[in-house]
Novice: 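Dropping the structure in here first, questions after.
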Number of protein chains: 2
Amino acid sequence: MTDCSTCVVRNRAICASLDAAELAALGKMGRKQKVRHGQTLLWEGDGAPVVANVLSGVLKLVVSTADGREQIVGIVFPSDFIGRPFGKESPYSVTAMTDAEVCIFNRNSFDDFAGKHPDLQQKLLRRTLDELDRARHWMMLLGRKSASEKVASFLLEMSERLSGQGCEAGALNNGFELPFGRQQIADILGLTIETTSRQFTRMREDGLVDLPSRREVVINDRAAMMAMAG
Amino acid sequence: MTDCSTCVVRNRAICASLDAAELAALGKMGRKQKVRHGQTLLWEGDGAPVVANVLSGVLKLVVSTADGREQIVGIVFPSDFIGRPFGKESPYSVTAMTDAEVCIFNRNSFDDFAGKHPDLQQKLLRRTLDELDRARHWMMLLGRKSASEKVASFLLEMSERLSGQGCEAGALNNGFELPFGRQQIADILGLTIETTSRQFTRMREDGLVDLPSRREVVINDRAAMMAMAG
DNA sequence: CGCCACTTTGAGACGTATCAAGGGGGGTGG
DNA sequence: CCACCCCCCTTGATACGTCTCAAAGTGGCG
């Protein structure tokens, strides 16, 4: 049993739709679990017996080909939802990109609970619709954009999604720390690590960004970046 | 007012969750509308005042860049749902690829109705989750597959989705008629029309498929096709 | 029969992948 | 505290695949 009333994502996760009594009932079904950096929570193609909310950390959703190519199809931040309700098997792997903490539920129990709580289901629907929009925009990026456009789009989206949470909102928008290395950025953008690296270098040389360290990015010229993003 | 009880997609669309009285209430809000081949129902970025169910025909969801490149991010068949509930603006354009007929609703009215009918909302959630899975698999295709893998994957998926509906189920699975031309296939796969055409030609030369006409495809060697799809 | 839109084919340019070495930077052990 | 090592990142040279530009071919329809 978990005490949801003090949960760090109490007001942002789908649980926000529940009152105290409902929350207690849900809390009985769930448990907190730590996930280490690099650890995989769900495997593509396996039966997916659990769903979860992310409390802290960042996880990736990955689809792979038989010969080992990987495409990251989603990135999950705190308060986001993980897993496939109403589905038999997981359509992708879920792996932690940082140490993380999740609030985990048995899928069948969760499905039942959701069926009895329309507000929760609506929150889940809204989230899923948002995810679908994001995925579809990413399809445009993957199918039609050049390497430089991909990297620019990526940095802009990351500066938005990362500033939304935790950080000292506002002012510092232009500087942020990526929770991934170059290879993972490449897997997000459908590029190789070399091409990704070259694009970063060129953007630095052109003065569009500063790169104080491997994972830090400062956007100097947001307008030019947006132009480059296509 | 529309009589939903005789609707051709009565049992397949999200309306299937409603009883006679609810259906009558929904019918009052909706109206049938014909959409011509090539006509656009919703524009990317515009306020999206409507949602709809597809009764007949095929429509595409398109995202475009400022300079005119297009990526098809979804294909919509009869009984599928169109539009963005709970959203301010449409994240993509919706255009008919054939003459089509849709059952159209004011979005706000539909949102209200959905809020009062959890079963309908659950159907919508399940559909949205399925769409999201499909979109994510398409991301892998767009980001990581070669032209030949893309075309093979496309033909296999189309043979499934097209045989699911209408047709004399089963036997004829291997032959089907595509509802799109080469350019639109290219826009689905993130390729140019020339590359797409060359892949079709090669697959015909290799005996993998027959192409009795521009839009007809017969898969001769399904196993080889699946191997080629990656 | 001839027009038109769509498709196929060809030749060449371009961008990204691939293969192969060289740098860092951060953490560990001495 | 320094040095070393390992992993990740960068850089370079080349190959390959897809795009681009151009033109010829095909099928449907008036």
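To find a chain, count down the sequence lines: A is the first, B the second, and so on, and within it residues start at 1.
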Novice: Figure out the CG/P separation between A:L191 and D:dC9, and round it to whole Å.
Specialist: 15 Å
Novice: If you pin B:Q184 and A:S146 to their nearest nucleotides in DNA chain C, which one's is more 5'?
Specialist: B:Q184
Novice: When you measure from the centre of the six-membered ring of B:F81, is the NZ or CZ of B:R127 closer than 6.0 Å and no more than 45° off the axis?
Specialist: no
Novice: Output the rounded distance in Å from CG (B:L211) to P (C:dT7).
Specialist: 12 Å
Novice: Tell me: CZ of B:F200 to P of C:dT7, nearest whole Å?
Specialist: 10 Å
Novice: I want to verify a distance call: between C:dA17, C:dT7, D:dT10, whose nearest atom is closest to the A:R182 side chain?
Specialist: D:dT10
Novice: CG of A:D187 versus P of C:dA17: gap in Å, rounded?
Specialist: 11 Å
Novice: Please determine, for the side chain of A:T192, which listed nucleotide (D:dT11, C:dT8, C:dT18) has the closest atom?
Specialist: C:dT18
Novice: Determine: side-chain N/O of A:S197 to OP1/OP2 of D:dC9, distance under 4.0 Å, yes or no.
Specialist: no
Novice: With a cut-off of less than 4.0 Å, is there a side-chain N or O of B:R198 near OP1 or OP2 of C:dT8?
Specialist: no
Novice: Could you tell me the separation between the CD1 atom of B:I193 and the P atom of D:dA23, rounded to a whole number of Å?
Specialist: 18 Å
Novice: For a quick test of reading the model: is some side-chain N or O of A:T201 closer than 4.0 Å to OP1 or OP2 of D:dT11?
Specialist: yes
Novice: I'd like to know if A:E194 reaches the base of C:dC19 with its side chain such that a donor and an acceptor end up less than 3.5 angstrom apart.
Specialist: yes
Novice: Whole Å only: how far is the NZ atom of B:K145 from the C1' atom of D:dG17?
Specialist: 18 Å
Novice: Under 3.5 Å, is there any donor-acceptor pair linking the side chain of B:R214 to the base of D:dT26?
Specialist: yes
Novice: Answer yes when A:D187 and A:R69 have at least one side-chain N-carboxylate O distance shorter than 4.0 Å, and no when they do not.
Specialist: no
Novice: Indicate yes or no: does A:E205 engage A:R202 in a salt bridge with an N to O separation below 4.0 Å.
Specialist: no
Novice: Could you tell me if B:R161 sits above the aromatic ring of B:F77, with its cationic atom closer than 6.0 Å to the ring centre and no more than 45 degrees from the axis?
Specialist: no
Novice: Whole Å only: how far is the CZ atom of B:R144 from the C1' atom of C:dT18?
Specialist: 13 Å
Novice: Tell me what B:S213 touches on the nucleic acid: a base, only sugar-phosphate, or nothing, going by heavy atoms under 4.0 Å.
Specialist: nothing
Novice: May I ask you to decide whether A:D80 forms a salt bridge with A:R12, counting only side-chain N to carboxylate O separations under 4.0 Å?
Specialist: no
Novice: Figure out the CZ/P separation between B:F180 and C:dA5, and round it to whole Å.
Specialist: 23 Å
Novice: Is it the case that C:dT18 (base atoms only) and A:R69 (side chain only) share a donor and an acceptor within less than 3.5 Å, ignoring hydrogens and angles?
Specialist: no
